[in-house]
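Worksheet: the structure to be examined is printed underneath.
As the structure is a prediction and not an experimental result, all values here were calculated from the model.
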Amino acid sequence: GMDGMEKLSLKIGLNTGNVISGVVGSQKPQFALFGDTVNTASRMMSTGEVNHIHVSAETHEFLRQDDRFKWHQQQIWAKGKGYMDTYLLE
């Protein structure tokens with residue numbers, strides 16, 4: 001069973017947009033994504049709440065018509081971005 005195990009907590013940040021991808025490294029090659037879209041998703045994660053999914057307004061546009069999801073709108077200050085309208089999945 002799971003008795004005695006610690007509970008896992010996480011934060012998820014999502015954004016929608018263009019990225020550049022590639023394999024970096026010669027000793028241990030790894031696939032990586034780059035660009036403002038990735039940076040904004042990182043801001044969603046870092047300013048989000050534990051055990052919640054935090055999305056940008058761009059991602060919310062794709063998901064808002066789906067009645068399975070309920071959203072809490074908020075405005076955050078994101079380093080390098082300024083004030084942003086964002087949404088937490090309830």
Side-chain angles (χ1 to χ4, degrees):
M2 302 282 283
D3 295 338
M5 296 190 72
E6 291 186 37
K7 184 177 177 183
L8 177 67
S9 297
L10 55 88
K11 292 185 190 180
I12 297 174
L14 299 175
N15 188 31
T16 301
N18 296 322
V19 297
I20 296 173
S21 65
V23 177
V24 295
S26 57
Q27 297 295 322
K28 184 181 174 193
Q30 295 181 348
F31 184 78
L33 297 174
F34 304 94
D36 187 60
T37 300
V38 177
N39 294 339
T40 301
S42 176
R43 298 289 186 265
M44 296 298 97
M45 186 274 304
S46 64
T47 60
E49 296 180 18
V50 173
N51 296 324
H52 283 79
I53 298 174
H54 193 195
V55 304
S56 65
E58 292 81 6
T59 299
H60 181 256
E61 279 298 308
F62 285 99
L63 301 173
R64 68 187 179 98
Q65 301 296 333
D66 193 324
D67 293 336
R68 294 175 296 174
F69 303 123
K70 301 295 182 225
W71 300 99
H72 171 71
Q73 183 178 2
Q74 62 183 25
Q75 193 173 67
I76 62 155
W77 173 263
K79 181 181 172 185
K81 306 291 290 179
Y83 286 103
M84 298 178 64
D85 291 323
T86 64
Y87 299 82
L88 277 174
L89 182 61
E90 295 181 357

message: Would you compute the distance between atom NZ of K70 and atom CZ of R64 and round it to the nearest 0.5 angstrom?
response: 14.0 Å
field: Any T47 side-chain heavy atom under 4.5 Å of K11 side chain
entry: no
statement: So OG of S9 and CG of N51: to nearest 0.5 Å the spacing works out to 4.5 Å
Test applied, side chain to side chain contact (heavy atoms under 4.5 Å, CB included); reference residue, H54; option that passes from I76, L14, L89: I76
- prompt: Between the main-chain N or O of T16 and the side-chain N or O of T59, is there a donor-acceptor pair closer than 3.5 Å?
  reply: yes
- prompt: Looking only at atom types and distance, does a side-chain atom of S42 sit under 3.5 Å from a main-chain N or O of V38, one as donor and one as acceptor?
  reply: no
- prompt: Do I12 and L63 belong together in a cluster built from hydrophobic side chains that touch within less than 4.5 Å?
  reply: yes
- request: Drop me the distance from T86's OG1 to E58's CD, to the nearest 0.5 angstrom.
  value: 11.0 Å
task: Please round to the nearest 0.5 Å and tell me the distance separating atom CG of D36 and atom CD1 of I20.
output: 11.0 Å
query: Is the CG atom of N18 crowded by more than 12 outside heavy atoms at less than 6.0 Å?
result: no
message: Do F69 and I53 sit in one hydrophobic cluster, given that two such residues count as connected whenever their side-chain heavy atoms are within less than 4.5 Å of each other, even indirectly?
response: yes
Co-membership, hydrophobic cluster, residues V50 and M45, 4.5 Å side-chain: no
Single-linkage hydrophobic cluster, 4.5 Å side-chain cutoff, Y87 and Y83 together: no
- prompt: For F62, does the CZ atom sit with more than 12 other heavy atoms under 6.0 Å from it, leaving out its own atoms?
  reply: no
query: Can you tell me how far CG of N15 sits from CE of M84, rounded to the nearest 0.5 angstrom?
result: 6.5 Å
- prompt: Nearest 0.5 Å, what's the CD-CG distance between Q73 and L88?
  reply: 11.0 Å
message: Looking at L10, I want to see if its CG is surrounded by more than 12 non-hydrogen atoms of other residues, nucleotides or ligands under 6.0 Å.
response: yes
